[in-house]
Amino acid sequence: MNDKQDNSRGVQPQGAPSGNANPVATGLVTMVIRGGCKVRSGGQTLDCVVRNASKPDSWQSIAVGDEVEFSKAGGGACVLKSVRPRRNALSKTDPEHPGSERAIAANIDLAVLVVSMAEPPLKVRLIDRFLVAARVGGVKPVLCVNKIDLLSDDDSSPELAEVRSYEDLGVPIILCSTVTGRGIDRLAAIMRGKRSVLVGQSGVGKTSLINSINKGLRLPTAPLRRDGSKGRFTTSHTALVEPEPSMEIIDTPGLKDFGVREMRAEELQEYFPDFRVPATKCAYADCTHTSEPDCGVKLAVRDELIRRSRYESYLKLLGATAGEAVGSPRRGDKSRGSSRRADEVDEGPFKCAKCGTYVVPEDAGTEHRNHCPNCLYSLHLDNKPGDRAAYCGGLMEPIAVWVRHGGEWALIHRCQECGALSSNRTAADDNEIMLLSVAVRPLASPPFPLERLNDLRRRDG
Ligand code: GDP
Ligand code: ZN
């Protein structure tokens, strides 16, 4: 574009003088394309270009649903002038620039996350991230569970129960199938008279749902590639469609994940309303529900009042900044605190938080010691063995012995704070009496009288 004006975003802020005699019109962005967008105005759809289109930022900051002002230049070309302030937006972080957010859609009444129970499998983490993004953006969320025909008839699968539990958070759930037609009327009813955005993984059936609302539309859909290859996305652009005159739906390409900007615990907790009541029992008013003792949220997770996957989503969203916020050392951080810490376990001697035994890992047992050889208690420091990525830090009680393949013994530990389970190989210097007492514990309270074994033996000869 031959343009002398220096406007780095290409689009002038609202209210800036247009600076030429061309009349300014307003319209609604229905699709963002390279270097510009399609704008609906006065019953027509026009292609608008932005100034400085060579800078991707100039057009990538526009979102479908934006209200814009543009001028009609000579030869029928339209040039974008400004984007009006947004009422709200559903945004996600840009995978190439994780620090910055990009609006998926703007000025919307509903954000509908479409998930499927199978093909592709359900990703609960995506639901939690979507709900945070919707609440951050000020958009009402809805959960649409599609391909319900792939489940058994009675809706009793545990996965479905997990999805349905989001109803307790006030999120409407609609079970749908574009094959049987179930739920399509309800979905249409909830979107009628509104502008909604449909988001979700590729292949969950977003486009099929729109086609089911208006069978005449026949937008292209794609069979899921079962070989794991990515294939071509049928919906390559975010675009606004109108299956009915009073129903605007913004269809989006498949999401792999829903990037949410990093937040500090205080802000993030606002978006986890299910933590609010349990958090009143936290010992510290500013509890981050990570490494603090006497945390009501961790107790509620242990007692299954908060689903573990919700808590894990919270921890994941808290991300690296949480480690700094709560002073919890990451792997490789050699700092020593007075509290029980990850690096005290496998990087040097440590004092057992349960029985006070001073443990020197190099002396005996295995190199990677996870529990005290005296009382066999451990600490909840790992999410996966050795990753030192758990925020909990709770005491883990030895609850059972698991005889692994080859006859090797492993201890099963259960976190007393959050209820997480883990298995840890036993070591040569483990207290044998303690080990045996854990191993035989079920025999102390059998679910049937042990004498019955004698009767059975006598009977069988
Ligand atoms: P999108 O990427 O989310 O827009 O998904 P599509 O609408 O392109 O659908 C992906 C595939 O899933 C297609 O093969 C559809 O026929 C199929 N599909 C869509 N809805 C359903 C449904 O309710 N049940 C079943 N079994 N398959 C569906
Ligand atoms: Zn807490």
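In each ligand, atom 1 is the first atom listed, and ligand 1 is the first ligand listed.
Looking only at side-chain heavy atoms (C-beta outward), V68 and K81 stay at 4.5 Å or farther from each other. Using a 4.5 Å cut-off on side-chain heavy atoms (C-beta onward), V142 and V171 make no contact. Looking at E101 and V260, their side chains never come closer than 4.5 Å, going by heavy atoms from C-beta outward. Counting only heavy atoms from C-beta outward, the side chains of N374 and K354 never approach each other to under 4.5 Å. Using a 4.5 Å heavy-atom cutoff, the side chains of L110 and V139 are not in contact. Here the side chains of L240 and R40 are in contact, with some heavy-atom distance below 4.5 Å.
Atom numbering of ligand 1 starts at 1 in the shown order; those under 4.0 Å from a heavy atom of T207 are 4 (O), 7 (O). With ligand atoms numbered from 1 in the order given, ligand 1 contributes 26 (N) to contacts under 4.0 Å with heavy atoms of L150. Listed by atom number, the atoms of ligand 1 under 4.0 Å from D149 heavy atoms are 22 (C), 23 (O), 24 (N), 25 (C), 26 (N). Proximity to V179 (heavy-atom distance under 4.0 Å) selects the following atoms of ligand 1: 22 (C), 23 (O), 24 (N), 25 (C), 26 (N). Taking every non-hydrogen atom of S177 and a distance limit under 4.0 Å, the qualifying atoms of ligand 1 come out as 23 (O). Close approach of ligand 1 to S208 is summarised as follows: ligand atoms under 4.0 Å from at least one heavy atom of the residue are 6 (P), 7 (O), 9 (O), 15 (C), 19 (C), 20 (N).
Heavy atoms of S202 approach ligand 1 to within less than 4.0 angstrom. Residue-ligand proximity: G254 is placed with every non-hydrogen atom at 4.0 Å or more from ligand 1.
Legend: residues meeting side chain to side chain donor-acceptor pair (under 3.5 Å) with D109, ordered by chain and number and at least two apart, are R87.
Taking all heavy atoms of E119, K206, K147, R182 into account, the minimum distance to atom 17 (C) of ligand 1 is reached by K147. Compare T178, V114, D251 by their heavy atoms: the one nearest to atom 23 (O) of ligand 1 is in T178.
Relative to the ring axis of F130, R125 does not place its NZ or CZ within 45° and under 6.0 Å from the centre.
For the Zn ion (ligand 2), the nearby protein N/O/S atoms, meaning those under 2.8 Å, are C282 SG, C287 SG, H289 ND1, C295 SG.
The distance criterion of under 3.5 Å between nitrogen or oxygen atoms is met by G205 with respect to ligand 1.
Between Y314 and H289, the ring planes are tilted. Angles from 30° to 60° get that label. The aromatic rings of H371 and H413 sit tilted, their planes meeting at an angle between 30° and 60°.
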Checklist entry - Yes or no on side chain to side chain contact (heavy atoms under 4.5 Å, CB included) for V50 and I62, after CA distance, side-chain angles and deciding distance? => result CA-CA 10 Å; V50 299; I62 309 167; 3.7 Å; yes
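Heavy atoms only, all atoms of each residue included: S313 and D128 are closest at OG-OD2, 2.6 Å.
Contacts between V204 and ligand 1, counted as non-hydrogen atom pairs separated by less than 4.0 Å, involve both the backbone and the side chain.
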